[in-house]
Asker: 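Dumping the structure here so I can ask a few things about it.
Here, residue 1 is the first one in the sequence, and each next residue gets the next number. Order of listing sets the numbers, starting from 1, for every ligand and every atom in it.
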Amino acid sequence: MKLATVNDNGNIKAGMIIGDEFVCCVEGEGADMAVLSVIRTGDVASWDAIIDTAERRDLADVQILAPIPHLIRDMVCVGKNYYAHAKEFFDSGFDATQKETIPSEPIIFTKAMTSLIGPNDAIDASIDPTDSVDYEGELGVIISKTARRVAKADWQDYVFGYVIINDVTSRELQKKHNQWTIGKGLDTFGPMGPYIVTKDEIDDLPSMQIQTLVNDEVRQQAEIRDLIFDIPTLIETLTLTGTLLAGDVIATGTPVGVGIGFTPPKFLKSGDVVIINVTGLGSLTNPVI
Ligand code: MG
């Protein structure tokens with residue numbers, strides 16, 4: 001199932017994407033929280049049950065929003081989690097941590113929930129005074145229930161589904177402030193969407209392809225199997241001492257091919273369009289202004 005939240009001529013609606021149509025399951029008050037509610041209850045069956053009778057809208061006639069329009073808290077993110085990207089970041093001179101090329105333990109940070117935008121919303125590069133805006137195509141994991149001390153073998157029990165995330169970053173701010181909170185947390189720097197795909201629809205996670213294009217030029221192309229720390233390891237690590245909650249989002253890291261991997265760096269500028277495609281998860285498009 002593909003869960004989405006849309007704006008239909010000013011009315012927020014939640015439901016499913018089927019083919020080229022949006023199937024409305026919840027509208028009116030609370031619709032903006034309905035996808036989160038399904039994640040928390042796990043009750044996808046009640047939406048499935050009304051599939052034949054629910055109102056349908058052509059996708060071209062609605063605006064797709066971030067599937068969880070109000071995150072419960074900042075996104076959990078993983079840094080330097082693909083081998084070739086870890087090396088390109090280390091070599092770029094923008095890695096203020098500069099401890100090791102390939103991390104020996106997962107690098108965890110958070111990305112401000114207030115940075116969230118949906119598909120086709122604009123990334124506002126003018127907010128970055130340093131003009132060093134970079135893209136990071138990533139696989140996002142949606143947590144299904146409270147998770148503490150999760151053993152690797154049990155990881156799937158705590159995953160609801162997957163979504164595409166662009167971990168947009170100001171490289172100069174990331175470097176200048178050492179910690180990444182400011183450089184990753186700029187308003188509009190958190191595109192997510194177009195929908196959450198439930199885990200049952202994913203047959204072969206490691207083989208899924210992640211691809212990022214800027215103005216139709218392929219910049220990133222990798223498989224999820226290339227992750228240094230895989231999703232079971234990330235969930236085990238994050239819950240060994242802390243707690244993940246239903247509706248939490250983990251951005252698992254970006255592959256090689258970000259703007260600072262080029263000489264000179266290829267930073268995003270007004271007029272660019274970033275498209276991230278992930279096998280089975282659709283396509284996340286955002287213009288830059
Ligand atoms: Mg990232």
Asker: Would you say Asp167's side chain and Glu136's backbone share a donor-acceptor pair under 3.5 angstrom?
Answerer: no
Asker: For the pair Ser37 (side chain) and Met33 (backbone), establish whether a donor and an acceptor sit closer than 3.5 Å, ignoring hydrogens and angles.
Answerer: no
Asker: Starting at CD of Glu105, measure out to CD1 of Ile228 and round the result to the nearest 0.5 Å.
Answerer: 12.0 Å
Asker: Among Ile143, Asp248, Val76, Val78, which one satisfies side-chain contact (heavy atoms from CB on, under 4.5 Å) with Leu238?
Answerer: Val76
Asker: Checking Lys145 against Tyr158: charged group under 6.0 Å from the ring centre and within 45 degrees of the axis?
Answerer: yes
Asker: Look at the side chain of Ser92 and the backbone N and O of Ile260, then say whether any donor-acceptor pair between them is shorter than 3.5 Å.
Answerer: no
Asker: Which N, O or S atoms belonging to the protein are less than 2.8 Å from the Mg ion (ligand 1)?
Answerer: Glu136 OE1, Glu138 OE2, Asp167 OD2
